[in-house]
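Okay, handing you the structure first.
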Amino acid sequence: MGASGEIDVRLDRVSKRFADTTAVDDLTLEVERGEFFSLLGPSGCGKTTTLRMIGGFEEPTEGTIELGGRDVTDLPPYRRDVNTVFQSYALFPHLTVFENVAFGLRRKKVSKAEVDRRVKESLVLVDLPGYERRKPSQLSGGQQQRVAVARALVNQPKLLLLDEPLGALDLKLRKQMQLELKRIQQEVGITFLYVTHDQEEAMTMSNRLAVMRHGKIEQIGAPEEVYDSPATEFVAGFLGASNLLEGEVKEVAGGIARVLVDGGAVLRVPEARMHGRGVSRVRVGVRPEKIRLVADEGEASSARNSVTGTLRVATYIGVSHQFTVDGPGGRTLTVYQQNMGTDPIPAPGSGVRLEWEPEHTFAVRPSEPLAEWEEEQ
Amino acid sequence: MFFFLVPMVTMLSLSLQTCNQVTLACHLTWSWSNFPDQIRQYHSQFANSLVYGSLATAIDLAVSYPLAYWIAFYGGRRKNFFLLMLLLPFFVSFVIRTLTWSFILADQGLVLGTLKRIHLLPGSFHVLASGTAVVAGIAYNYLPFTALPLYVALERIDRRVVEAAGDLYASRIAVFTRVILPLTIPGIFASFLLTFVPAIGDYVNAAILGGTNNYMIGNVIQDSFLVYSNYSAASALSAILMAVALIGIFAYARVLGGRTIEEYI
Ligand SMILES: Nc1ncnc2c1ncn2[C@@H]1O[C@H](COP(=O)(O)OP(=O)(O)O)[C@@H](O)[C@H]1O
Ligand SMILES: [Mg+2]
């Protein structure tokens, strides 16, 4: 199920300060009903804090939070039509799977027969029927994860908050649970607000995502949009490998900007992909898989962007070739090229030309240099 | 195991011997009659032990739980400081501590003497030499044994589990009764054992705060050993005390519902 256009979650200029840190900094965000929306960012950027404020576990220092059009800023968690799947699950260790899932219904004094029916239904939904009598300690990580999802969904909330729900699982199980969660979301059709630091996970699962850094949102958009036209240097780097060249905007005409990059070439950038318009110094980028690498001979096609450089390393990884090229202005560029088995591979040390379509070019706003703790991400 | 078994076996065999009270020579006579004889003779001290021990344990649990709860959940960065404050009085020797209380609460001592002088209390009022004083003394002296296991149990509860309960519509009371209390049952059990077992065997509090009318079985055992040198009687009493403690423990474990402790952890 896709978005409906109706706003389900609205954060208006929300900030959260702890004693010595600003965890969330003047954040404004709208999530539509039925959306699978992700908050993506390195650890410590304020994702959990944002989610906890929406869940009601943390009070914003400033700003308001609306759910379904109602201001809930001051309401405790149990007065909000929201349930949470916690980081590391937080199942009740002393209760069986059945009682874990039934917990919310019992607090709401739902009749015994209905508790029975709805718990069974939820366990079927997460593909765990027959596990009712087990204790959480007798389940694998993936099964505990499913119980946590069932325990939240059984209450039929309007909004489900998930905080890195797959963080503790190994890669294979992670992939499987990603599909599973996506299926569940489509089946129940409620809004999922999903927190992760894994860009691939956010891109595969979300309708839209927000990239966060230092408590602020750097960009909001559909995965393709954010990947293909990143707004900032940080987003460009966080969502995958990218090649950035610095340059000077020379002219903007007919929806196309011409940028003279340091070291010579003039690159064309669609105006719609010029983030941070109005500045003259910009960083122009292109994703490695959009580039075609050829030997530097003959005329470059004038319809394409192209730069020349020296091939440093050629790595063969089966499905593709990966090239590292010393480009203009001393910048290192990366190229992924599908292994078609037809193109000749230039020798390292030789001159090469990199070509790509102007519409695959973007320009980003500069970000402050990455802090050390971010680089390991 | 060795250090546990040797005194046990020695004690049990002593309790079945007959001793010459002058030469102190003992020989095994399988005198089972030691047991009923001792119970008959000292049943009121047995009763005192059980009543005082149970009351003191109950008081300790009732006082420690909120205290430990508060430190574990609201202690913040000063948790260790609060724990230290709780334990500080207990760095002083057990006997000295109890003696200090007997001075403070003496009939004409610091507190009662002053209150009597300004006629807030009748001249005949006394605290010492009463069962209440013994229970209070035991409760005071064993408080750390109750508070610490409870604190550990409360401290190790995952805060997100508590939040999850709130997220699932549990009121504050329901969070406590449905999540926190069940998760601390092993801690309560440990606290109970560590307090109740030494409390029923205690003799210092009764000797110092209780006067002669409130003897507990520990006092009888001590007198038999040290004053009358009646080793077999003393051993028999100890064995009975141990049996009572064990029965109490098993009864308590049954009340827990036949579930094993591990299931709660
Ligand atoms: N209860 C708290 N007290 C103090 N600082 C906190 C608290 N919770 C989070 N922070 C700080 O706020 C920042 C954001 O944390 P968090 O929201 O957990 O980030 P993320 O989930 O993106 O990893 C971090 O610098 C963290 O140390
Ligand atoms: Mg987090």
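In the text below, chain A, chain B and the rest are named by the order of the sequence lines, each starting its count at 1.
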- Just wondering, are more than 12 heavy atoms of other shown residues or ligands nearer than 6.0 Å to CZ in B:Phe35? yes
- Message: Would you say CZ of A:Arg79 has more than 12 non-hydrogen atoms from neighbouring residues, nucleotides or ligands within 6.0 angstrom?
- Response: no
- Task: Go through the atoms of A:Val82 and report whether side chain, backbone, both or neither lie under 4.5 Å from a heavy atom of chain B.
- Result: backbone
- Task: Taking atom CZ of B:Phe81 as the centre, report whether more than 12 heavy atoms of other residues, nucleotides or ligands fall under 6.0 Å from it.
- Result: no
- Message: Report, in residue-number order, which members of residues 170-180 of chain B are under 4.5 Å from chain A by heavy-atom distance.
- Response: B:Ala170, B:Ala174, B:Arg178, B:Val179
- Non-hydrogen atoms of B:Leu168 and A:Arg107 that approach each other most closely: O-CG, 3.4 Å
- Note on the structure: Residue pairs meeting side chain to side chain donor-acceptor pair (under 3.5 Å), one or both in residues 71-84 of chain B, sequence neighbours left out, come to B:Lys79-B:Glu155
- Looking at B:Arg159, B:Glu163, B:Arg160, which has the largest count of heavy-atom pairs under 4.5 Å with chain A? B:Glu163
- Portion of A:Leu91 that has a non-hydrogen atom of chain B nearer than 4.5 angstrom: backbone
- Using side chain to side chain donor-acceptor pair (under 3.5 Å) as the criterion, list what pairs up with A:Gln138, not counting sequence neighbours. none
- Item | Neighbourhood of chain B inside residues 50-60 of chain A, taking heavy atoms under 4.5 Å as contact | A:Arg52, A:Phe57
- Query: Should we say atom CZ of B:Phe192 is surrounded by more than 12 heavy atoms from elsewhere, each under 6.0 Å from it?
  - Reply: yes
- Message: Give me the atom names and distance for the closest heavy-atom approach of A:Ala90 to B:Ala164.
- Response: O-CB, 3.8 Å
- Item | Exceeds 12 heavy-atom contacts within 6.0 angstrom, atom CZ of B:Phe145 | no
- Query: Of the non-hydrogen atoms in A:Thr84 and B:Asp167, which two are nearest, and what is the gap between them?
  - Reply: N-OD2, 2.8 Å
- Query: What's the spacing between B:Tyr169 OH and A:Asn155 CG if we round to 0.5 Å?
  - Reply: 4.0 Å
- Check the surroundings of atom CZ in A:Phe92: do more than 12 heavy atoms from other residues, nucleotides or ligands lie under 6.0 Å from it? yes
